[in-house]
Amino acid sequence: MEKIPFIKVIFSSEIMAEVDEEHVHTLHGGAGDIPLSLPPERRQPREEALRHCLHIGVEALKAKLPPLDVVERVVRELENIPQFNAGKGSVLTSKGTVEMEASIMDGTTMNCGAVSGLTTVVNAVSLARLVMEKTPHIYLAFDGAEEFARQQGVETLHSSHFITAENIERLKQAIEANRVQIDYTQPIENDTKKETAIANGDSQIGTVGCVAVDGNGNLASATSTGGLVNKMVGRIGDTPVIGAGTYADTRCAVSATGKGEAIIRGTVARDVAALMEFKGLSLEEAATCVVHERTPKGTVGLVAVSAKGEVAMPFNTTGMFRACATEDGYSEISIWPAATKFE
């Protein structure tokens, strides 16, 4: 197959490039019904954040850090940026509280860790890695996860640290409309636009994630979120579920975003790897199949890389905040299907 210059293909809505001995990482900041009219004050900070996090990832790649370290560093930074629905920017439950969740997976060893129901942990993704490395388990939640965090001496802050004025307003709107609300939902203008509550939950828009591959084909994936606006206390989405929101093996690494319940039902992240393993599909073919043929329209987006250096970032929603960079300096940032390049 003819080698395709990486930068020229990276932001079609379904993406594939082959890069020999290249270090690549790609990240997302959530997929969903992102209107083209999204106000600049909401769009631009997220774009700048993606650019900033791309730089962090590139520096980590240049330092020859393992992909697992790369994805943790990038997602940690995304968790610290209030414009995204993770860490500092986590949306609020129906009781006005935060319940953060995250997972991380090393494709080489298939080791993984996950956490949910966090209320004080500054960086959920790093606690997920500690679960992977310091316990015989994969998944810790709620009080048990919080206790483990204290035992490990990770940074914690009062839960008020994670509650932003913007998310308080989002919750107010959602409660008034009696609905579980996605992060990018526009303000309700009048009573006729109110919707009934969605029984099976709505999209985890604003979820953050990162996947990376090094020149030896080693892969890793990490994902983090605050969940849903006005979700029930105790609800757990796809983000900490290995094989649903996060997956990595020797073939590919995947981080998903979208409607959590749909992603869990479809085991979206694992399905990409399974189609490559059992059907012999390329990363592009597998990711496209999962997103456009095996999940309902308007429910999912994902970022993925393969051991060969292929990159895919398909979505069946209106848009998805996404970005990609290689060690040698190429980078791209986009939201909607049409490419948007920032010099």
Hey, is the main chain of Gln44 close enough, under 3.5 Å, to the side chain of Arg46 for a donor-acceptor pair? no

Under the 3.5 angstrom rule, does the side chain of Asn230 hit a backbone N or O of Thr93 as a donor-acceptor pair? no

Should Met100 and Val131 be regarded as members of a common hydrophobic cluster, given that ILVMFWY residues are connected when their side-chain heavy atoms come within less than 4.5 Å of each other, either directly or indirectly? yes

Mind running side-chain hydrogen bond (donor to acceptor under 3.5 Å, both in side chains) on Ser103 and Thr246 for me, showing each step along the way? CA-CA 7 Å; Ser103 62; Thr246 301; 2.8 Å; yes

Closest heavy-atom pair and its distance - Val268, Ala256: CG1-CB, 4.2 Å

Is there a donor-acceptor pair closer than 3.5 Å between any side-chain N or O of Asp214 and the backbone N or O of Asn216? yes

Applying side chain to side chain contact (heavy atoms under 4.5 Å, CB included), run through Arg129 and Asp69 and close with a yes or a no. CA-CA 10 Å; Arg129 183 168 181 179; Asp69 290 346; 2.6 Å; yes

Looking at every heavy atom in both Ala102 and Pro240, which two are closest together, and how far apart are they? O-CB, 3.8 Å

Just verifying a value: how many Å separate Ser331 OG and Leu50 CG, rounded to the nearest 0.5 Å? 11.0 Å

Test log, rule salt bridge (charged side-chain N to carboxylate O under 4.0 Å, His left out), inputs Glu77 and Arg73: CA-CA 6 Å; Glu77 191 63 20; Arg73 285 195 179 194; over 6 Å; no

Is it possible for you to say whether Phe84 and Leu54 belong to one hydrophobic cluster, with membership spreading through side-chain heavy-atom contacts below 4.5 Å? yes

Quick one: does Val122's side chain get under 4.5 Å of Glu79's, heavy atoms only? no

Which is it for Asn80 and Asn123 under the side-chain hydrogen bond (donor to acceptor under 3.5 Å, both in side chains) test, yes or no, and what are the steps along the way? CA-CA 8 Å; Asn80 294 336; Asn123 293 114; 3.2 Å; yes

Hydrogens and angles aside, do Thr156 and Thr120 bring a side-chain donor and acceptor to less than 3.5 Å of each other? no

Begin from the C-alpha positions of Ser255 and Thr223 and carry the test side-chain hydrogen bond (donor to acceptor under 3.5 Å, both in side chains) through to its verdict. CA-CA 6 Å; Ser255 176; Thr223 315; 2.8 Å; yes

What distance do Lys279 atom NZ and Glu285 atom CD have between them, rounded to the nearest 0.5 Å? 11.5 Å

Determine whether Val74 and Leu78 satisfy the following criterion, side chain to side chain contact (heavy atoms under 4.5 Å, CB included), listing intermediate values before the conclusion. CA-CA 6 Å; Val74 171; Leu78 287 164; 4.0 Å; yes

Any heavy-atom pair between the side chains of Thr207 and Ser224 that's under 4.5 Å? no

Got a sec: does the NE2 of His161 have more than 12 other heavy atoms crowding it under 6.0 Å? yes

Below 4.5 Å, heavy atoms only, C-beta onward: do Phe142 and Ile236 meet side chain to side chain? yes

Summary of salt bridge (Lys or Arg N to Asp or Glu O under 4.0 Å) pairs that have at least one residue in residues 142-155, sequence neighbours excluded: none

Would you name the heavy atoms of Cys324 and Met313 that are closest together and state the gap between them? CB-CE, 3.9 Å

Smallest separation among heavy atoms of Glu101 and Gly237, with atom names: OE2-N, 3.1 Å

Testing the basics here: between Trp336 and Arg43, what is the closest heavy-atom pair and its distance to 0.1 Å? CH2-CD, 3.8 Å

Would you mind checking if Glu277 and Arg270 are paired as a salt bridge, meaning a charged N to carboxylate O distance below 4.0 Å? yes

Could you state the interatomic distance from CD (Glu284) to CE (Met276), rounded to the nearest 0.5 Å? 11.5 Å

Please determine whether residues Val311 and Val58 belong to a single hydrophobic cluster, defined as Ile, Leu, Val, Met, Phe, Trp and Tyr linked transitively by side-chain heavy-atom distances below 4.5 Å. no

Which atom of Arg235 lies closest to which atom of Gly260, heavy atoms considered: NH2-CA, 3.9 Å

Between the side chain of Asn167 and the main-chain N/O of Ser90, is any donor-acceptor distance below 3.5 Å? yes

Step-by-step side-chain hydrogen bond (donor to acceptor under 3.5 Å, both in side chains) determination, Ser126 to Arg76: CA-CA 7 Å; Ser126 293; Arg76 277 180 62 93; 2.8 Å; yes

dist His137:NE2 -> Met132:CE (nearest 0.5 Å) comes out at 15.0 Å

Can you find a heavy atom in the side chain of Ile81 that is under 4.5 Å from one in the side chain of Pro45? no

Is the backbone of Val91 close enough, under 3.5 Å, to the side chain of Lys231 for a donor and an acceptor to pair up by distance? no

Go through Ile56 and His52 one step at a time and tell me if the side chain to side chain contact (heavy atoms under 4.5 Å, CB included) criterion holds. CA-CA 7 Å; Ile56 289 174; His52 168 65; 3.5 Å; yes

If you apply the rule side chain to side chain contact (heavy atoms under 4.5 Å, CB included), what do you find for Val300 with Asn316, and how did you get there? CA-CA 6 Å; Val300 67; Asn316 62 23; 3.5 Å; yes

Taking 4.0 angstrom as the limit, do Glu47 and Arg51 come out as a salt bridge? no

Minimum side-chain heavy-atom gap Leu302-Val272 below 4.5 Å: yes

Transitive ILVMFWY side-chain link Val241 to Leu118, under 4.5 Å: no

Flag for His158-Ser160: side-chain donor and acceptor within less than 3.5 Å: yes

Could you check if a side-chain atom of Val303 sits within less than 4.5 angstrom of a side-chain atom of Val254, using non-hydrogen atoms only? no

Same apolar cluster (I L V M F W Y, side chains within < 4.5 Å links), Val98/Val233: no

Quick check against the 3.5 Å criterion: does Thr295 have a side-chain atom that pairs as donor or acceptor with the backbone of Val290? yes

Between Tyr247 and Thr267, a side-chain donor and acceptor under 3.5 Å: no

